[in-house]
2 protein chains.
Amino acid sequence: MADGSLGVSTGKGAGKGGRTAARIREAALELFSRLGFERATLGEIAAAAGVSQANLHYHYQDKDALWRAAMLDLRGVIAEEERLLEAAADASALTQLRMAMRLFLKISWKHPALGRIVALEGMAGGERLDWLVDHLLGPRNRRLAQLVQAAIEAGELKAFPPEQLVITLQAAGAGLINLTPLMAANFGVDTGDPAVREAHDSMILDALLGGLVNDKKR
Amino acid sequence: MADGSLGVSTGKGAGKGGRTAARIREAALELFSRLGFERATLGEIAAAAGVSQANLHYHYQDKDALWRAAMLDLRGVIAEEERLLEAAADASALTQLRMAMRLFLKISWKHPALGRIVALEGMAGGERLDWLVDHLLGPRNRRLAQLVQAAIEAGELKAFPPEQLVITLQAAGAGLINLTPLMAANFGVDTGDPAVREAHDSMILDALLGGLVNDKKR
DNA sequence: CGATTTCCTGACTTTCAAATCAGAAAATGC
DNA sequence: GCATTTTCTGATTTGAAAGTCAGGAAATCG
């Protein structure tokens, strides 16, 4: 049964096969998100996963299907974020927003593929972006925009267009993480260094987000 | 044959040949920066430029050479930025930095290809990124980092790692511009709208950069 | 155990884009 | 005008990656 049925174990003897499919998706996610859809070849993905190239076609019909399956693995990441945020639904909008930003940074360091995919496909447009908006990004972004809107209405945040603010905060937060190769090539800075990461997070939280807050509330 | 309509060049003398090559580079820059090197095909570029695919190989040896030639067209953009900044070399570091940010936004709206290229190749790494750092990005980024360093030493800016701040400000400033297709797909927002652009620029300048400045200087 | 299904691979075919080439068209020079 | 060079194109070749397939290995089941 080569239907490429998402990581969830189907019970019975899916032990080995499911793991192989998962390894393939992991390798695919890494390469797709770093290089983009066309630049990442099935040969590379197969090699990274330690399987034959033909095996990719056993588990997934074609390259597009593999791409979608790999992207769906990120749904768990988004869901976890949502779960944690809902636990704080009672706090002020600004507090929730700060928490969302912290979560976003944490997730971006742990799963850099998500931010890279947004950047890659968000610039290119087309069918894959539409698919991502439908299946992964749309609800999350709209929810965050509502949160920003609420913070503005509560007078806690300067009045900028919520959609633009959401996207810009994400771009600012994920920028350095996405641009790890540039940091290395241009400055010799290693973003794997915990000191770099901490400096980055406090820069985003203290400085950037701080600048958006209404002075009277600071 | 095809539709050789483009024949009549308005320019005189050596106008035609140079103009054709320039049109090819323009089309190449747009497509390379939006889609990335491999996703952009020579066929598309040729069609966008209104010439045959073989013509691309007449003016440029191969796809790589065309890519580099298209990138070099951006040197003029960088040089212009540098020229304007040098005119204000006497102002305080913070003033220069604000000016640099304004310039960066203006340039990013006018030449969105530059920001997209940084994002695309800066994420992927590899030979093309190294080439870009050597020929286009390196000096500019290091100069900006020095400016930030000076502003910090003058006590005008909070003390964050200059390289990280430079990259993050660029990511924040170009984020929405790069992600124009995402803004359209996810929110139906058209970044061509002047109102959107103005709101974005003031958001970046007032809020984000404002947040980085030392309170005592505000 | 043998039978059956699931999983996986090497070898092959197809497809598509990059690169080449011979020569036509247009510009330039005499 | 004719000759020469430059510019450009259609047709073709080349190469690399996607996709197919027959069958082998391994797990599962009676």
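In what follows, every chain begins at residue 1, and chains take the letters A, B, ... in the order their sequences are listed. Basis for what follows: all heavy atoms, side chains included, without hydrogens, waters or symmetry-related copies.
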Exercise. So, is A/T20 near the phosphate of C/dC8, with a side-chain N or O under 4.0 Å from OP1 or OP2?
Worked result: yes
Seminar exercise, completed: A/I45 CD1 to D/dA17 P, in whole Å, measures 12 Å
Exercise. Is a donor on one side and an acceptor on the other found under 3.5 Å between the side chain of A/E80 and the backbone of A/V77?
Worked result: no
Exercise. Think B/Y58 has a side-chain N or O under 4.0 angstrom from the OP1 or OP2 of D/dC8?
Worked result: no
Exercise. Considering residues at least two apart in sequence or located in another chain, which fulfil the salt bridge (Lys or Arg N to Asp or Glu O under 4.0 Å) criterion with B/R75?
Worked result: none
Exercise. B/I24 has an atom CD1; how far is it from atom C1' of D/dT9, in whole Å?
Worked result: 12 Å
For this session: Take atom CD of A/E44 and atom P of D/dA16, then tell me their distance rounded to the nearest Å.
Result: 14 Å
Problem set entry | Sub-4.5 Å side-chain heavy-atom contact between A/D190 and A/T180 | no
Problem set entry | Nearest-Å distance for atom pair CZ/P, residues A/R23 and C/dC7 | 14 Å
For this session: Starting at atom OH of A/Y60, determine the distance to atom C1' of C/dC7, rounded to an integer number of angstrom.
Result: 14 Å
Seminar exercise, completed: Separation of C/dG23 atom P from B/N55 atom CG, nearest Å, is 19 Å
Taking N or O atoms only and anything under 3.5 Å, show me the protein contacts with nucleotides 13-19 of chain C, one pair per line.
unit_1 : atom_1 : unit_2 : atom_2 : d
C/dA18 : OP1    : B/L42  : N      : 3.4
C/dA18 : OP1    : B/K63  : NZ     : 2.8
C/dA18 : OP2    : B/L42  : N      : 2.9
C/dA19 : OP2    : B/K63  : N      : 2.9

For this session: Check the distance between C/dC7's P and A/L56's CG and give it to me in whole angstrom.
Result: 15 Å
For this session: Output yes when a side-chain donor or acceptor of B/H135 lies under 3.5 Å from a complementary backbone atom of B/W131, and no otherwise.
Result: yes
For this session: For the residue pair A/Q170 and A/N141, confirm or rule out a side-chain donor-acceptor distance under 3.5 Å.
Result: yes
Seminar exercise, completed: Contacts of B/D73 meeting salt bridge (Lys or Arg N to Asp or Glu O under 4.0 Å) (sequence neighbours excluded), chain-then-number -> B/R25
Seminar exercise, completed: Testing C/dT20, C/dG10, D/dC8 for proximity to the side chain of A/A54, the answer is C/dG10
